[in-house]
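Here is the structure we will look at, set down as structure tokens.
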Protein chains: 2
Amino acid sequence: MKPSVVTTEPNGHVCSDCAVRGSAVCSSLDAAELREFEHLGRRVHFSSGETVFSEEDITTSFYNVLEGVMRLYKLLPDGRRQIVGFALPGDFLGMNLSGRHNFSADAIGMVTVCQFAKAPFGRFIEDRPQLLRRINELAIRELSQARDHMVLLGRRSADEKVASFLLGWRERLLALKGPSDTVPLPMSRQDIADYLGLTIETVSRTFTKLERHGTIEIIHGGISLLDPARVEALAAA
Amino acid sequence: MKPSVVTTEPNGHVCSDCAVRGSAVCSSLDAAELREFEHLGRRVHFSSGETVFSEEDITTSFYNVLEGVMRLYKLLPDGRRQIVGFALPGDFLGMNLSGRHNFSADAIGMVTVCQFAKAPFGRFIEDRPQLLRRINELAIRELSQARDHMVLLGRRSADEKVASFLLGWRERLLALKGPSDTVPLPMSRQDIADYLGLTIETVSRTFTKLERHGTIEIIHGGISLLDPARVEALAAA
DNA sequence: AAACGCAATTGACCCAGATCAATCCTGGCG
DNA sequence: CGCCAGGATTGATCTGGGTCAATTGCGTTT
């Protein structure tokens, strides 16, 4: 199911000045290793809404997000959807034990990834424990986030969910774009609802309520935290 | 907060005939490595309800569960609890990036763990990529389970949650105790509720409902699946 | 065997959030 | 510029599961 709009650059890039050089898996490699590594990955672009891989697909590649945002989700047979996370630049996707992806991933807006064929990547890792350690670190970080999200899904009210989401999302963007009380939300209300285990109406109503109380301002493509302290109180962190 | 009832065996064990030798982290070590590894861990016993470690505690040890069941959970400031998983023999606990545990763990019934001091264990791993790879595998498996659980918490009804839980728990015990339609439930109803994001009343009512329909039978310390197919249908797997 | 303690069950009622159903933007296009 | 489509908002109503409150069942102590 390779989408037609995907474009691949034959080779117009170098890892050494990649945007995610410092934070992604490749941060564990030295300059010499990086030159070798460069041949393994190729940049691939996806446009908004395109699927990068689907749950249950055989895993043929790993992906390193370079630019943009992706939604990672699982579907129930009847169509209910749970977004298990949003991937941002520096995130590494595709690791699994079964040989099949255990969630689907698609682009929210334009996305650039660094794609690695599974086998050569596996071979490259083989004698580079540093890289393995880095991948393990990323997995452990994900796991910690996943557990936090379980608490949110299982034990928080709608207001708390929305407030936690805004703070969490701002926090993640902090590392990428620097601190700001203006939080861009590239994903749809439906995406937010499916991430928080709510309906789109509840998300919308909660935003409106927060805005009426002067806590946030809903702006085009995002929200602005007028009273961050209030939001933090609501999140019951 | 070392509990008084904890007992440590000076050395009455050998790794080579450990119950979890084949499935735990140590499955990645050969006989020679195992002998060296043996000196790193010590068996520690916990009795029912004792806390092995708490969220936010500085991580001083890693733990390999040998016997028994543990509940892993996070608390909100106001006391709401979310159980993020149950640990069984073979599970490895304590990995994190922050240097602090990101959840609490306590014993459900008698528990035996193999405890490793963080620093020596870290040193041992250093030049044994096989062990690191094994730890990574366990982390990836956990991550996959965590994502499945997010779907359950965010998008399933109470009936589906309970049915999925029974099947999932049976599935996990399968590897340890062999196949059976009688599912022991060592944890309390409250534990089940906090795992599923429900209240104790809802869990109890759902069990009763299933029993009235002849789908399960509630027995002392567990349940019996009278109609496993029916339970699977309810789980909407 | 009576009495206690604690988990589990059951019942009655309530409410947060879902569902159903209109609008209301807003941006793209003829 | 006016029209259209898809996302977002808002309103009205419903309900699954929570809350509150007994009651039951059992294992332990005396």
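Letters A, B, ... mirror the listed sequences (proteins, then strands); counts begin at 1.
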Length of the CD-P vector between Gln190(B) and dT9(C), whole Å: 13 Å
Pairs flagged by side chain to side chain donor-acceptor pair (under 3.5 Å) wherever residues 138-151 of chain A is involved - sequence neighbours left out: Glu142(A)-Arg147(B), Ser144(A)-Asn102(B), Arg147(A)-Glu142(B), Asp148(A)-Lys74(B)
For atom CD1 of Ile218(A) and atom P of dT26(C), their distance in whole Å: 12 Å
Spacing between Asp191(B) atom CG and dA7(C) atom P, to the nearest angstrom: 10 Å
Among dG17(C), dT10(D), dT9(D), the nucleotide that comes nearest once only the side chain of Ala158(A) is considered: dG17(C)
Spacing between Ile108(B) atom CD1 and dA7(C) atom P, to the nearest angstrom: 13 Å
Side-chain donor or acceptor of Arg156(B) paired with backbone N/O of Leu196(B) under 3.5 Å: no
Value in whole Å for how far the C1' atom of dT9(D) lies from CD1 of Ile223(A): 17 Å
Intermediate values then yes/no, side-chain contact (heavy atoms from CB on, under 4.5 Å), Lys118(B) and Thr60(B): CA-CA 5 Å; Lys118(B) 182 178 168 171; Thr60(B) 57; 5.6 Å; no
Base versus backbone protein contacts along nucleotides 19-26 of chain D [heavy-atom cut-off under 4.0 Å; B, S, -]: BBB-----
Ser157(B) side chain near dG16(D) phosphate (N/O to OP1/OP2, under 4.0 Å): no
For Tyr63(B), the option from Phe92(B), Phe116(B), Phe53(B) that meets ring-ring contact (aromatic ring centres under 6.0 Å, His included): Phe53(B)
Residue whose closest nucleotide on DNA chain D lies nearer the 5' end, Ile200(A) versus Arg155(A): Ile200(A)
Sugar-phosphate only, base, or nothing, as touched by Ser204(A) at under 4.0 Å among non-hydrogen atoms: base
Atom pair distance, as rounded to whole Å: NZ in Lys209(B) and C1' in dT9(C): 15 Å
Residue that, paired with Tyr195(B), satisfies ring-ring contact (aromatic ring centres under 6.0 Å, His included) out of Tyr73(B), Trp169(B), Phe86(B): Phe86(B)
Touch class at under 4.0 angstrom, heavy-atom based, for Gly197(A) against every strand present: sugar-phosphate
Residue pairs involving residues 211-237 of chain B (criterion side chain to side chain donor-acceptor pair (under 3.5 Å); sequence neighbours excluded): none
Length of the line joining Leu198(B):CG and dA8(C):C1', which is rounded to integer Å: 16 Å
Full working for side-chain contact (heavy atoms from CB on, under 4.5 Å) between Lys209(B) and Asp159(B): CA-CA 9 Å; Lys209(B) 185 166 68 176; Asp159(B) 288 2; 2.9 Å; yes
d(CD1, Ile219(A); C1', dC25(C)) in whole Å: 17 Å
